[in-house]
Amino acid sequence: MTRFTLAEALTPEIDSDKVLTVSDLCAELQISRSTFYTWRQKRRGPRCIRLPNGGLRIRRSDLTAWLAAQEVE
């Protein structure tokens, strides 16, 4: 039986160069926007890109790496 990590299970064969909006990330992780911003404030969330208009984007590869770092055994 093949064992998948959490990051692989949530992001199967997805383009790692794609960028996600905050809404996309929240929908994928099934969390509220306030949870995401709390994580950011505490520097516990995935790395983000700040756009010139103030918007945030998250690289798929950064999300995958962050999820892998969150795994516990």
Side-chain angles (χ1 to χ4, degrees):
M1 183 161 89
T2 304
R3 181 176 172 170
F4 292 100
T5 65
L6 176 62
E8 291 169 339
L10 291 176
T11 57
E13 297 185 32
I14 296 177
D15 182 10
S16 64
D17 292 333
K18 181 179 178 180
V19 292
L20 304 170
T21 64
V22 172
S23 295
D24 293 339
L25 179 129
C26 291
E28 186 169 322
L29 298 181
Q30 299 178 355
I31 60 169
S32 66
R33 289 178 74 88
S34 63
T35 297
F36 170 77
Y37 285 110
T38 298
W39 289 351
R40 269 192 53 80
Q41 184 179 28
K42 294 179 179 180
R43 298 185 181 270
R44 293 179 183 230
R47 289 179 46 178
C48 296
I49 303 165
R50 180 165 305 279
L51 301 176
N53 67 358
L56 294 174
R57 298 293 183 271
I58 302 91
R59 285 186 189 96
R60 171 64 65 185
S61 58
D62 288 338
L63 174 59
T64 302
W66 179 80
L67 284 171
Q70 304 311 306
E71 287 187 10
V72 295
E73 294 198 22

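Just so it is clear, the structure is predicted and the values come from calculations on it, not from any experiment.
Atom CD1 in I58 sits 7.0 Å away from atom OG1 in T21 (nearest 0.5 Å). In this structure, Q30 CD and E28 CD are separated by 9.5 Å, a value rounded to the nearest 0.5 Å. Here the CZ-CZ distance, from R59 to R57, works out to 12.5 Å after rounding to the nearest 0.5 Å. Distance check, rounded to the nearest 0.5 Å: CG of D17 to CZ of R60 gives 11.5 Å. Note: I49 CD1 to L20 CG = 9.5 Å, rounded to the nearest 0.5 Å.
Nearest approach of L56 to C48, heavy atoms of both residues: CD2-CB, 4.2 Å. In this structure, P46 and D62 approach most closely via the heavy-atom pair CB-O, 4.4 Å. S32 approaches C26 most closely through the heavy-atom pair O-SG, 3.8 Å.
Side chain of Q70 to main chain of W66: a donor-acceptor pair is present (N/O by atom type, distance under 3.5 Å, no hydrogens or angles).
One side chain, R33 or S23, offers a donor N or O that lies under 3.5 Å from an acceptor on the other.
Using a 4.5 Å heavy-atom cutoff, the side chains of L29 and F36 are not in contact. V19 has its side chain out of reach of D24: every pair of non-hydrogen atoms, C-beta onward, lies at least 4.5 Å apart.
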